[in-house]
Amino acid sequence: MPTLHLFFSHALTPEQVADAQAHWGVNAFLALPQDLQKIFSNVPADIPTLDDYLLPLKTYLTQHLQPQDLVLIQGDFGVVVTLVNFCKENNAVPIYATTERQSIETPQPDGSIKTERIFKHKIFRRY
């Protein structure tokens, strides 16, 4: 049974946990250690390439991935593309979460409109 490696900046919802177990056969969830989470979540906007910056994340994956493990990757576009390709090259299954979005607009007494957005998990999808 595969492990789901978490490369994103949020906690899984109970619906996401249930979906990963029921539809992907996940039996374990592995969050990044804090030092690597900091790297993943705080990508500098002023570096010209991510090659060196992402080496610690790639090293971590190399040490922890088993064939057919899943990797939930959502974040900086360059990081996502790089890690998705890395996972595919290393027999892991990169996935992302899809959501249903609902927007509620409420007129305010001052004439402005307050918008509330509700996101509900639907499925995990393969990259």
Side-chain angles (χ1 to χ4, degrees):
M1 296 183 88
T3 294
L4 178 55
H5 301 268
L6 306 174
F7 278 70
F8 76 142
S9 299
H10 308 286
L12 288 176
T13 66
E15 293 83 9
Q16 289 174 318
V17 170
D19 181 29
Q21 291 169 330
H23 296 106
W24 295 87
V26 169
N27 68 344
F29 298 85
L30 192 57
L32 286 170
Q34 258 190 327
D35 60 328
L36 296 179
Q37 184 66 53
K38 185 175 179 180
I39 290 170
F40 181 81
S41 296
N42 298 290
V43 180
D46 60 351
I47 57 175
T49 178
L50 294 172
D51 295 337
D52 292 338
Y53 186 78
L54 295 179
L55 281 177
L57 296 174
K58 289 180 177 181
T59 299
Y60 174 84
L61 281 169
T62 300
Q63 294 170 347
H64 291 87
L65 278 179
Q66 297 297 315
Q68 298 309 306
D69 273 357
L70 297 135
V71 185
L72 175 59
I73 309 170
Q74 291 185 221
D76 174 271
F77 291 128
V79 172
V80 169
V81 169
T82 301
L83 293 180
V84 165
N85 289 334
F86 184 83
C87 287
K88 287 180 175 184
E89 293 165 1
N90 289 279
N91 299 315
V93 179
I95 62 173
Y96 63 98
T98 67
T99 57
E100 180 178 313
R101 294 171 173 96
Q102 181 182 17
S103 180
I104 301 169
E105 294 183 354
T106 308
Q108 301 298 298
D110 67 357
S112 64
I113 297 175
K114 178 181 177 183
T115 302
E116 179 181 11
R117 288 183 170 72
I118 301 168
F119 296 87
K120 182 161 178 56
H121 175 75
K122 294 312 275 183
I123 63 170
F124 289 111
R125 185 180 292 149
R126 229 180 246 263
Y127 277 101

Just by modelled atom types, is the [Y] backbone N or O under 3.5 Å from a matching donor or acceptor in the [X] side chain?
| X | Y | value |
| --- | --- | --- |
| Gln68 | Thr3 | no |
| Gln74 | Ala97 | yes |
| Tyr127 | Val81 | no |

Next on the checklist: Counting only heavy atoms not in Gln108 (residues, nucleotides, ligands), do more than 12 fall under 6.0 Å from its CD?
Outcome noted: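 Yes, enclosed.
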Kindly indicate whether the side chain of [X], heavy atoms from C-beta on, has any atom under 4.5 Å from the side chain of [Y].
| X | Y | result |
| --- | --- | --- |
| Leu61 | Leu83 | yes |
| His5 | Leu65 | yes |
| Phe7 | Tyr60 | yes |
| Ile95 | Leu4 | yes |

Once rounded to the nearest 0.5 Å, what's the spacing between atom [atom1] of [X] and atom [atom2] of [Y]?
| X | Y | atom1 | atom2 | result |
| --- | --- | --- | --- | --- |
| Lys88 | Asn85 | NZ | CG | 6.5 Å |
| Ile104 | Glu116 | CD1 | CD | 5.0 Å |
| Arg117 | Glu105 | CZ | CD | 8.0 Å |
| Thr99 | Lys120 | OG1 | NZ | 11.0 Å |
| Ile39 | Gln37 | CD1 | CD | 10.0 Å |

Next on the checklist: Suppose the criterion is ring-ring contact (aromatic ring centres under 6.0 Å, His included): which pairs have a residue in residues 69-88, not counting sequence neighbours?
Outcome noted: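 For residues 69-88: none.
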Assigning hydrophobic clusters by single linkage (Ile, Leu, Val, Met, Phe, Trp, Tyr; side-chain heavy-atom cutoff under 4.5 Å), is [X] placed with [Y]?
| X | Y | value |
| --- | --- | --- |
| Val79 | Ile47 | yes |
| Leu30 | Phe40 | yes |
| Val84 | Leu55 | no |

Search all heavy atoms of [X] against all heavy atoms of [Y] and return the closest pair with its distance.
| X | Y | answer |
| --- | --- | --- |
| Gly75 | Val80 | N-CG2, 3.4 Å |
| Ser112 | Asp110 | OG-OD1, 2.5 Å |
| Leu12 | Leu72 | CD2-CD2, 3.9 Å |
| Met1 | Gly25 | CE-O, 3.2 Å |
| Arg126 | Trp24 | NH2-CZ3, 4.2 Å |
| Pro2 | Asp69 | CA-OD1, 3.7 Å |

Next on the checklist: My understanding is that only residues two or more places apart in sequence, or in another chain, count here; which of them pass side chain to side chain donor-acceptor pair (under 3.5 Å) with Asp19?
Outcome noted: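 For Asp19 the side chain to side chain donor-acceptor pair (under 3.5 Å) partners, ignoring immediate neighbours, are His23, His121.
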Item to check | Listed partners of Tyr96 passing side chain to side chain donor-acceptor pair (under 3.5 Å), at least two apart | outcome: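 Listed in chain order: Arg125.
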